[in-house]
Amino acid sequence: LISVNLMAQQTGVNYDEKEVPNYKLPELLVSKNGRKIKNAKRWEKIRRPELLKLFEQEVYGKIPVDIEIDDVIIHEAAGEAFNGTAIRRQVELVFRKDDLALSANLLIYLPKDSDNVPVFVGLNFNGNHTVSDDPDIRLADSWVRDNPSLGIVHNQVTEQSRGVASDRWPIEEILEAGYGIATIYCGDIDPDRDNFQDGIHPFSYQLGQFRPGYDEWGTISAWAWGLTKAMDYLSTDADVDSSRVIVFGHSRLGKAALWAAALDQRFAMCISNNSGCMGAALSRRQFGETVGSITKAFPHWFCENLNKYASREENLPVDQHMLLALVAPRPLYVTSATEDLWADPKGEFLSAIEAGAVYQLYGTEGLPVNEMPAPDSPVAGSVGYHIRTGKHDITSYDWKQFIDFANQQFTPEQ
Ligand code: GCU
């Protein structure tokens with residue numbers, strides 16, 4: 001506690017529950033013109049589209065153009081993986097416009113000899129080859145942030161970074177549980193830097209345009225778009241059950257996963273791991289990371305409109321419980337970690353509770369508790385939640401809960 005308070009003093013970040021301002025959340029179930037939303041039909045017809053539009057205009061930025069997959073290059077259809085227990089598929093999705101071309105490399109593992117496999121899909125931070133020691137994963141060749149300790153210099157990866165994120169990707173356990181897993185390096189879609197000349201953004205520019213408009217896509221929208229393109233491919237893959245694709249992400253990539261699930265209802269389930277500010281956490285609490293700090297440190301993640309709300313959270317027409325509600329009625333799992341105060345665990349939990357109102361319109365329970373559960377004690381209705389002991393991370397403990405939740409949600413009740 002002492003060190004947390006010290007940190008707060010040093011940086012002006014609030015980590016004190018007593019300093020959380022009094023706030024009133026915008027009404028989830030009242031439409032813009034004051035109409036009460038009393039059933040799922042009205043939610044879908046009136047309120048859901050209104051909220052989606054507000055998140056597009058004011059937060060993440062709308063995706064201004066339709067860009068379809070132009071070519072699918074199968075580099076590997078069914079490579080043998082994990083001692084013959086699985087197959088590895090490596091597919092390059094190519095997008096083209098005029099003289100622009102972009103490749104998103106999708107790595108897929110599926111349990112051997114199974115069909116109609118439910119699949120987890122999510123982006124990774126530093127290249128597909130970082131998720132496993134598997135020597136046959138193709139190395140990323142798009143821009144990667146330098147990290148000399150991983151041998152990433154001049155923004156290019158080397159063999160040295162193979163498998164460095166494997167702790168976060170318990171692929172064999174996932175496969176053993178009967179699920180496939182698919183991933184794309186986020187930088188294939190849009191490198192994580194404040195530069196709008198790279199990645200997918202230029203595909204949407206008119207002649208003479210150099211950056212998106214004030215209500216157009218930032219990097220998180222671009223990543224979410226990339227996830228919907230992965231879904232486009234997965235729905236053509238005969239081995240995948242496209243009605244059971246779970247979109248997941250950790251931290252900044254968790255924000256992208258939530259936004260992807262909101263935009264694209266083909267995703268059957270969504271998992272937000274430690275997504276924090278502008279992910280699952282309520283902005284109005286201003287606990288840990290705030291709109292002001294996130295837009296300053298990562299100006300490229302959002303549309304420019306979001307800057308209006310720095311230190312003015314009360315003026316936001318939405319709050320993040322509304323983003324979670326856009327996932328309904330599909331199952332949603334939210335996680336926090338005890339030491340991840342920057343992401344505001346309590347704000348993530350409260351947001352998941354609030355979203356329950358929309359699940360109730362569909363006759364399911366949302367989160368079945370009112371109080372935050374103790375660490376390492378998952379709770380689940382159609383919305384699930386746990387706070388794991390430890391730091392900002394995605395661990396095999398988290399994955400075990402995702403698998404349990406998915407098993408529970410995908411098994412038809414007897
Ligand atoms: C930073 C950022 C967070 C983000 C995190 C991550 O801490 O402030 O918003 O979630 O990076 O992506 O790990």
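Just follow the structure's listing: the first ligand is 1, and inside any ligand the first atom is 1.
- Note: no N/O pair closer than 3.5 Å links N274 and ligand 1 by distance alone.
- Taking atom 9 (O) of ligand 1 as the reference point, the nearest protein heavy-atom neighbour is E289 OE1, 2.6 Å.
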Practice problem: Take R162 and D134, measure what salt bridge (Lys or Arg N to Asp or Glu O under 4.0 Å) needs, and give me the verdict at the end. | Solution: CA-CA 8 Å; R162 190 177 290 286; D134 180 347; 5.9 Å; no
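- Atoms of ligand 1 lying under 4.0 Å from at least one heavy atom of I294, given by number and element, are 9 (O).
- For the residue pair D241 and S243, a side-chain donor N or O sits within less than 3.5 Å of a side-chain acceptor on the partner.
- The closest approach between any non-hydrogen atom of K255 and ligand 1 is below 4.0 Å.
- Remark: R312 is not positioned above the aromatic ring of Y309, lacking an NZ or CZ atom under 6.0 angstrom from the ring centre and at most 45 degrees off the axis.
- With hydrogens left out, the protein atom closest to atom 12 (O) of ligand 1 is R252 NE, 2.5 Å, a heavy atom.
- Remark: R168 is positioned above the aromatic ring of F125, its terminal NZ or CZ atom under 6.0 angstrom from the ring centre and at most 45 degrees off the axis.
- Which parts of ligand 1 touch H392 is read off a 4.0 Å heavy-atom cut-off, strictly below it: atoms 6 (C), 13 (O).
- From the protein, the heavy atom lying nearest to atom 7 (O) of ligand 1 is W342 NE1, 3.2 Å.
- Checking H75 against E92 by side-chain atom types alone, a donor-acceptor pair falls below 3.5 Å.
- When hydrogens are left out, the protein atom nearest atom 13 (O) of ligand 1 is S251 OG, 2.6 Å; that is the closest non-hydrogen contact.
- Taking the ring axis of Y109 as reference, the NZ or CZ atom of R88 does not stay both within 45° of it and closer than 6.0 Å to the ring centre.
- Considering backbone and side-chain N/O atoms, W301 never comes within less than 3.5 Å of an N/O atom of ligand 1.
- Evaluated for a side chain to side chain donor-acceptor pair (under 3.5 Å) with D215, the options K62, K53, Q57 yield exactly one hit, K62.
- With hydrogens left out, the protein atom closest to atom 2 (C) of ligand 1 is F298 CE1, 3.4 Å, a heavy atom.
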